[in-house]
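Here is how names work: the chains are called A, B, and so on, in the same order as the sequence lines, proteins then strands, and each is numbered from 1. It should be emphasised that the depicted structure is a prediction, and the values quoted were computed from it without experimental measurement.
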Number of protein chains: 2
Amino acid sequence: MQAQASATAGTTEETMTVSTAGLQRKSDLLRRFARNAQFEAQTGIRREHLLKALGLIAREPAPVTRAVIARLTGLTSATASSLVAELIALGLVVETGRAESTGGKRATRLEIARDAYLVVVAVVRTRAIDTALVDLAGRTVASRRLDVAGGMEVATVVDAIRALTEGFEPQVLAACVQVPGVTAGGVVVESVQLGWRGVPLAGIVEEAIGAPASVVNDVDAEALTEAVDADDGAIRLVVHLGEGVGAAITNGGTLMSGATGRAGEIGHVRVIYEGERTRCRCGLSGCLESATSMSAMLGDAYTDELDDHDTSLLASTAEARERMGFGARALARALRISSALLDPEEIVIAGAAPALGPHFLGTLRDEYEMYPAKGTTPVPIRYGRPELSEYLGPARFALAPVLGDALPLTPAR
Amino acid sequence: MQAQASATAGTTEETMTVSTAGLQRKSDLLRRFARNAQFEAQTGIRREHLLKALGLIAREPAPVTRAVIARLTGLTSATASSLVAELIALGLVVETGRAESTGGKRATRLEIARDAYLVVVAVVRTRAIDTALVDLAGRTVASRRLDVAGGMEVATVVDAIRALTEGFEPQVLAACVQVPGVTAGGVVVESVQLGWRGVPLAGIVEEAIGAPASVVNDVDAEALTEAVDADDGAIRLVVHLGEGVGAAITNGGTLMSGATGRAGEIGHVRVIYEGERTRCRCGLSGCLESATSMSAMLGDAYTDELDDHDTSLLASTAEARERMGFGARALARALRISSALLDPEEIVIAGAAPALGPHFLGTLRDEYEMYPAKGTTPVPIRYGRPELSEYLGPARFALAPVLGDALPLTPAR
DNA sequence: CTACTTAGTTTAGCCAGTCAACAAAGTGAG
DNA sequence: CTCACTTTGTTGACTGGCTAAACTAAGTAG
């Protein structure tokens, strides 16, 4: 309510070109889906089928036609037609030319209407807010950064979102705010970084922009970004390395948040019991974070605001190299037990870690596979993909209540 | 095919009193549910609603009536009536008197038809097979033990099952065979203990008794037994201590089996890095199992065949006490990281561990809470409940494909 | 005895599927 | 070029499973 006077100074803008087709349809769509969601078990089959069809159109690598939808869903061609008709009426799908003949009539190709709708993403950091508009193909069509001096206020976040969405309101399908800290059910339970506690942020944003809003933790958001191409049911363990260490588990396209919403908080679990006891900032010693956080490995010069280039510079010193070996060993300990317990498809090391380069990853893999426990298969470990837009995860999280995980938001597929 | 000549000698029998009502209905039920399962998304709503109603009747502590079902499901009273009518026709539910008036007409109470149907459970051990018939209230109405000398044969298991079910065929709803080793999708992938590999056991049993059969791992079966009163969505970590160490994660009423079906195989993960390196039978050293298995703590005299009394005798020696402290410390290390990652509702120490008594559990809790990691809440740790029949987990696993997890099989509720 | 409350059934109608017939638009053989 | 055949997609009659609303049944309270 006060902070934005000084804040508006640091505003950076980007391109803004979005088709204005289907302006009036949004409210229809939302009303329809909202109603169906209520009835859930009863008439919700229609919704389920619509989303299934939508998902096929978005995900199938081969061109999708009404006939393909009928075959892959097991529904009648009549039903497939009716589903597609509704999706087209909703503005979510468009016909794009005709496919080659396969011995009969040429089919009509279907594609997601990429720019008919938008998702709002706001990433709240300690001293800045990044806002972005993402279209249904996952492309960032607009983004702004707002530097905030002296304490982050909820009102500043709302204003930033409102400023970016101005004029696009009818196209906005959903919103997601990413914050550091513990979140649950649209509420910021506690964010030490922001100094917030029990803020019902989703409700506030929902009120402000008139579209369903969600709130997600930064580590969880990153895990969702890395799970963009999730085959359903695949379990993925994503570890975030930054000033701290956190993790998240995705099961298919959804997060496992645990009984109290604190699943993945492994930073201050003790993994080092022998030799020099590493003192941690939390007061304990031997914590995973005290060995494996970027700050522990690269020194206090490291902050989460650094770019990849500066980070890799820090990582090139001899001292850093040695600390990285120690960090890798500590992380490997945590990963061995975690992967034996969960048996995940893969382990992703994300956050700022990719800037550490192949050496750290190699060391980590070596350490991880050093004790090949009988009965367990070593799980592939890879870095997070920095080429993925960080807005993808939050955007998918935002869409979940509206469209399930029908849209992967990945353009190249 | 050969072994049962000497085997039939050691047969022990128990009571056998089951109502023979509704003999002819079974095939109808199975056919109906099988058909619905095929159509799944399409006409499966009916099935879903039938199971939901069945679940309410089984689980709700207060007496359930048609009106209650209507209220709790959100369906119309008309639909609730029709669902109940069908459940009664199927023989799964019975009317039991009338409830008190709450200001109007007295309602008709509904209850599960406890003994109309039966589930067959077979527990295959290295030198014996336990078979049991469990009714829909979870009561064991018949059980036998067959001692097997010289190598366990698949045919012996089938014969044992057939021998117990003889005469009850029309009432048998489903079957489950519990085996030690790795299982997946009805196949015994590998069982070192039995010397089996790639045995399609579910199919074989299904053929033999004409009812859907499943195959489950012993640790998983135990975890399901401990999760009998699972609130939906609750995550539970169950650790089995026996000659080896294993774990299982239940999410609501279902198991998390991981990407390759090996989730929970934490026995040979290294947790001890300092001091005396504990040599493990697997060839590595510092494994969890080398410190925390019952054999490691109680000495080679321990076997999984021992009863609780003999086990606790072994545990009372001074040497065992000291080893138990060491084992508890090792297990605590594994539990700290596991619980931080999963944030489960509770941790259950099962297998033969309850025989170790309160001292071991107390030590374990103390060790576990010794490093209270910031941001994580200590998770309650308890022993498995020996009073629960070991057939409950397998019976629920058997029912899953037929009735979902509608029936908790717990009589006292 | 009457008004009101709660339980449960019956009847008509609707929604979202299926099935089957058909129109539309292509291919390839003669 | 024509005709038989294939594949795509639409249309209309039918069906299952729900809702809504009227009704019956059986109780309580004034």
- Message: Given C:dG17, C:dT9, D:dC18, identify the nucleotide with an atom nearest to the side chain of B:T76.
- Response: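 Of the options given, the side chain of B:T76 lies nearest D:dC18.
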- Query: Which of these nucleotides, D:dG9, C:dG17, C:dT9, is closest to any side-chain atom of B:S77?
  - Reply: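 Comparing D:dG9, C:dG17, C:dT9 against the side chain of B:S77, the answer is C:dT9.
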If I take atom [atom1] in residue [X] and atom [atom2] in nucleotide [N], what distance separates them, rounded to the nearest angstrom?
| X | N | atom1 | atom2 | result |
| --- | --- | --- | --- | --- |
| B:R66 | C:dA7 | CZ | P | 12 Å |
| A:L83 | D:dG9 | CG | P | 14 Å |
| B:E95 | C:dA7 | CD | C1' | 12 Å |
| B:I69 | C:dA7 | CD1 | P | 12 Å |
| A:E100 | C:dG28 | CD | C1' | 16 Å |
| B:L87 | D:dG17 | CG | C1' | 15 Å |
| B:L110 | C:dG8 | CG | P | 7 Å |
| A:L75 | D:dG16 | CG | C1' | 16 Å |

Have a look at [X] and say if it touches a base, only the backbone sugar-phosphate, or nothing, with a 4.0 Å heavy-atom cut-off.
| X | result |
| --- | --- |
| B:S82 | nothing |
| B:R109 | nothing |
| B:A78 | base |
| B:A70 | nothing |

- Relative to the 5' end of DNA chain D, which residue comes earlier, A:A107 or B:T79, by the nucleotide with the nearest heavy atom?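 Upstream on the strand: A:A107.
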Partner residues of [X] under the side-chain contact (heavy atoms from CB on, under 4.5 Å) criterion, sequence neighbours left out:
| X | value |
| --- | --- |
| B:T79 | B:L75, B:T76, B:L83 |
| B:A113 | B:V94, B:A116 |
| A:A70 | A:S77, A:A80 |

Is the distance from OP1 or OP2 of [N] to the nearest side-chain N or O of [X] less than 4.0 Å?
| X | N | result |
| --- | --- | --- |
| A:H49 | C:dA16 | no |
| A:T108 | D:dG9 | yes |
| B:T65 | C:dG8 | yes |
| B:R71 | C:dT6 | no |

- Message: Once rounded to the nearest 0.5 Å, what's the spacing between atom OG1 of B:T65 and atom CD1 of B:I57?
- Response: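 Between atom OG1 of B:T65 and atom CD1 of B:I57 there are 9.5 Å.
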- B/S/- contact track for nucleotides 24-30 of chain D, protein heavy atom under 4.0 Å: -BBBS--
- Task: Please report the C-alpha distance between B:Q171 and B:L133 in whole Å, then the side-chain angles of each, then the deciding distance to 0.1 Å, and finally whether the side-chain contact (heavy atoms from CB on, under 4.5 Å) criterion is met.
- Result: CA-CA 10 Å; B:Q171 283 177 268; B:L133 290 175; over 6 Å; no
- Where is the tightest heavy-atom contact between B:T183 and B:V215, given as atom of each residue plus distance?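 Minimum heavy-atom contact is CG2-CG1, 3.7 Å.
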- Item | Sole candidate of B:L72, B:V68, B:L110 that passes side chain to side chain contact (heavy atoms under 4.5 Å, CB included) when paired with B:L56 |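 So, applying the side chain to side chain contact (heavy atoms under 4.5 Å, CB included) to B:L56 and each of B:L72, B:V68, B:L110, only B:L72 qualifies.
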- Item | Pairing of A:R66 and A:E95 as salt bridge, 4.0 angstrom limit |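 A salt bridge is present here (some side-chain N lies under 4.0 Å from a carboxylate O).
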- Look at the side chain of A:E206 and the backbone N and O of A:A213, then say whether any donor-acceptor pair between them is shorter than 3.5 Å.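 Yes; at least one donor-acceptor contact below 3.5 Å.
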Give me the distances for all protein-to-nucleotides 1-3 of chain D N/O pairs that come in under 3.5 Å?
none

- Taking salt bridge (Lys or Arg N to Asp or Glu O under 4.0 Å) as the test, write out the residues that go with B:D135, two or more places apart.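 By the salt bridge (Lys or Arg N to Asp or Glu O under 4.0 Å) rule, B:D135 matches B:R139.
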